[in-house]
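Have a look at the structure below before the remarks.
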Amino acid sequence: METLGLIGGMSWHSTATYYRIINEVVSAARGGHASARISLQSLDFAEIRQCQLDGDWERAGELLAEAGQHCVRSGATTVAICTNLMHKVASQVEAALDVPLLHIGDAVAAEARRHGWQTLGILGTSWVMEESFYADRLALHGVAAVAPDAADRAVVDRIVFDELTQGVVTDASRTAYADVIGRLAEQGADAVVLACTEIGLLIGPDDSALPLIDSAEVHARELGRAALGQLRPTGAR
């Protein structure tokens with residue numbers, strides 16, 4: 001069994017999802033009392049959130065890189081960042097490690113390719129939807145991305161930070177997201193990636209006009225495979 005290093009806590013609600021899914025994958029494969037070997041660094045999201053608001057991505061990258069190094073010192077042979085947005089500093093984290101970083105965008109793209117989906121609508125925080133770092137990672141795998149318009153991006157981002165990352169789930173927000181997905185379908189999306197690891201707590205397949213890729217779920221399942229030695233991530237370098 002390989003040891004996984006998880007950089008989590010951003011927020012803890014989705015980190016709990018990672019922990020559950022990884023162990024479900026390992027348990028299903030090994031049976032009995034088998035569970036994953038995990039070194040978890042759960043950061044204080046308030047500190048990371050302040051870095052985001054201040055635009056201090058250098059400091060945020062330092063905090064995540066340090067957490068990743070702690071995971072490696074604890075025996076991790078693969079490390080993952082358990083959030084989409086903080087892959088904005090993935091290259092800084094990866095440069096600080098001597099083990100592979102299993103990138104969430106690679107897991108999402110692999111899932112899209114398995115289904116033959118060529119264009120994904122992106123739902124996530126404003127940075128994920130508006131900047132290129134996430135779409136560029138998908139493009140490396142031949143998967144295109146479309147984002148909601150400015151008004152819809154504002155709604156999606158507000159719900160993430162005002163509600164989902166604080167454990168608040170409402171029917172009104174579920175309806176709002178479903179409406180945004182409908183408009184992404186009109187923009188030509190084949191499917192939608194829930195590119196914030198908390199969004200899967202709000203909406204599921206029955207709520208959507210398009211097929212969904214839950215980034216937290218597919219990333220965690222890839223990590224489960226890595227724990228079992230069935231996946232050897234090589235990193236982006």
Evaluate the side-chain contact (heavy atoms from CB on, under 4.5 Å) criterion for residues Gln166 and His13: first the C-alpha distance (whole Å), next the side-chain angles of each, then the deciding distance (0.1 Å), finally the verdict. CA-CA 8 Å; Gln166 299 180 58; His13 300 281; 5.5 Å; no

Before you tell me yes or no, could you show the steps for Leu64 and Met10 under side-chain contact (heavy atoms from CB on, under 4.5 Å), namely the whole-Å CA-CA distance, both residues' side-chain angles and the distance that decides it to 0.1 Å? CA-CA 11 Å; Leu64 268 68; Met10 302 167 286; 4.0 Å; yes

Could you walk me through whether Leu6 and Ile22 pass the side-chain contact (heavy atoms from CB on, under 4.5 Å) test, one step at a time? CA-CA 11 Å; Leu6 302 183; Ile22 290 167; 3.9 Å; yes

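Aromatic pair Tyr18/His219: centroids less than 6.0 angstrom apart.
Residue Ala65 comes nearest to Val93 through the heavy atom pair N-CG2, 3.9 Å, listed as atom of the first residue, atom of the second, then distance. In terms of heavy-atom proximity, Val128 sits nearest to Asn84 at CG2-C, 4.3 Å. When all heavy atoms are compared, the tightest approach of Gln92 to Glu58 is NE2-O, 3.2 Å. Scanning all heavy atoms of the two residues, the minimum distance from Ala145 to Ile122 falls at CB-CD1, 3.5 Å. Taking each heavy atom of Gly105 and Leu138 in turn, the nearest pair found is O-CD2, 3.6 Å. Of all the heavy atoms in Leu123 and Pro148, the pair that sits closest is CD2-CG, 4.1 Å.
Interatomic distance, Asp106 CG to His87 NE2, rounded to the nearest 0.5 Å: 8.0 Å. In this structure, Ile48 CD1 and Leu53 CG are separated by 11.5 Å, a value rounded to the nearest 0.5 Å. Here Ile159 contributes atom CD1 and Leu164 contributes atom CG; the two are 7.0 Å apart, rounded to the nearest 0.5 Å. With rounding to the nearest 0.5 Å, the separation of CH2 in Trp12 from CG in Leu43 is 15.5 Å. The line from CG of Asp98 to OG1 of Thr77 is 11.0 Å long, rounded to the nearest 0.5 Å. Atom CG of Leu184 is separated from atom CG of Leu120 by 10.5 Å, given to the nearest 0.5 angstrom.
Between Arg137 and Leu140 there is a side-chain heavy-atom pair separated by less than 4.5 Å. Residues Val160 and Leu85 are not in side-chain contact: their nearest non-hydrogen atoms beyond the backbone lie 4.5 Å or more apart. By the 4.5 Å heavy-atom criterion applied to side chains, Arg221 and Glu111 are not counted as neighbours. Ile21 places a side-chain heavy atom less than 4.5 Å from the side chain of Glu217. Gln50 has its side chain out of reach of Arg59: every pair of non-hydrogen atoms, C-beta onward, lies at least 4.5 Å apart. Using a 4.5 Å cut-off on side-chain heavy atoms (C-beta onward), Val26 and Arg37 make no contact.
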Listed pairs under 3.5 Å, donor-acceptor, residues 187-212 side chains, sequence neighbours left out:
{"residue": "Gln187", "atom": "NE2", "partner": "Ala147", "partner atom": "O", "Å": "3.1"}
{"residue": "Asp190", "atom": "OD2", "partner": "Gln118", "partner atom": "N", "Å": "2.9"}
{"residue": "Asp190", "atom": "OD2", "partner": "Thr119", "partner atom": "N", "Å": "2.9"}
{"residue": "Thr197", "atom": "OG1", "partner": "Ser14", "partner atom": "OG", "Å": "2.9"}
{"residue": "Glu198", "atom": "OE2", "partner": "Ser11", "partner atom": "N", "Å": "2.9"}
{"residue": "Glu198", "atom": "OE2", "partner": "Ser11", "partner atom": "OG", "Å": "2.7"}
{"residue": "Glu198", "atom": "OE2", "partner": "Ser14", "partner atom": "OG", "Å": "2.8"}
{"residue": "Asp207", "atom": "OD2", "partner": "Gly204", "partner atom": "N", "Å": "2.8"}
{"residue": "Ser208", "atom": "OG", "partner": "Leu210", "partner atom": "N", "Å": "3.0"}
{"residue": "Ser208", "atom": "OG", "partner": "Leu210", "partner atom": "O", "Å": "2.6"}

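Look at Glu186 and Arg183 and you find no salt bridge, because none of the NZ, NE, NH1 or NH2 atoms lies under 4.0 Å from a carboxylate O.
Shown are Val79, Leu102, Thr78; of these, the side chain to side chain contact (heavy atoms under 4.5 Å, CB included) with Leu4 is made only by Thr78. Considering Trp57, Phe133, Tyr134 as possible partners of Trp127, the one that fulfils the ring-ring contact (aromatic ring centres under 6.0 Å, His included) test is Trp57.
Other residues, nucleotides and ligands contribute only 12 or fewer heavy atoms inside 6.0 Å of the OH atom of Tyr19. Around CZ of Arg20, the count of heavy atoms belonging to other residues, nucleotides or ligands within 6.0 Å exceeds 12.
In the hydrophobic clustering of this structure, Val146 groups with Val143; members are Ile, Leu, Val, Met, Phe, Trp, Tyr whose side-chain heavy atoms approach within less than 4.5 Å, directly or through other members. Taking hydrophobic clusters as Ile, Leu, Val, Met, Phe, Trp and Tyr residues chained together by side-chain heavy-atom distances below 4.5 Å, Ile213 does not share a cluster with Val25. When hydrophobic clusters are built by joining Ile, Leu, Val, Met, Phe, Trp and Tyr residues whose side-chain heavy atoms come closer than 4.5 Å, directly or via intermediates, Val168 is not grouped with Val156. Under the 4.5 Å side-chain contact rule for hydrophobic residues, Leu40 and Met1 do not share a cluster.
At least one donor-acceptor pair under 3.5 Å links the side chain of Thr175 to the backbone N or O of Asp171. Asp157 places a side-chain N or O within 3.5 Å of a backbone atom of Ser126 that can act as its donor or acceptor partner. A distance-only check finds no donor-acceptor pair linking the side chain of His70 to the backbone of Gln41 [under 3.5 Å].
Judged purely by distance below 3.5 Å, without hydrogens or angles, the side chains of Asn23 and Ser27 never pair a donor atom with an acceptor atom.
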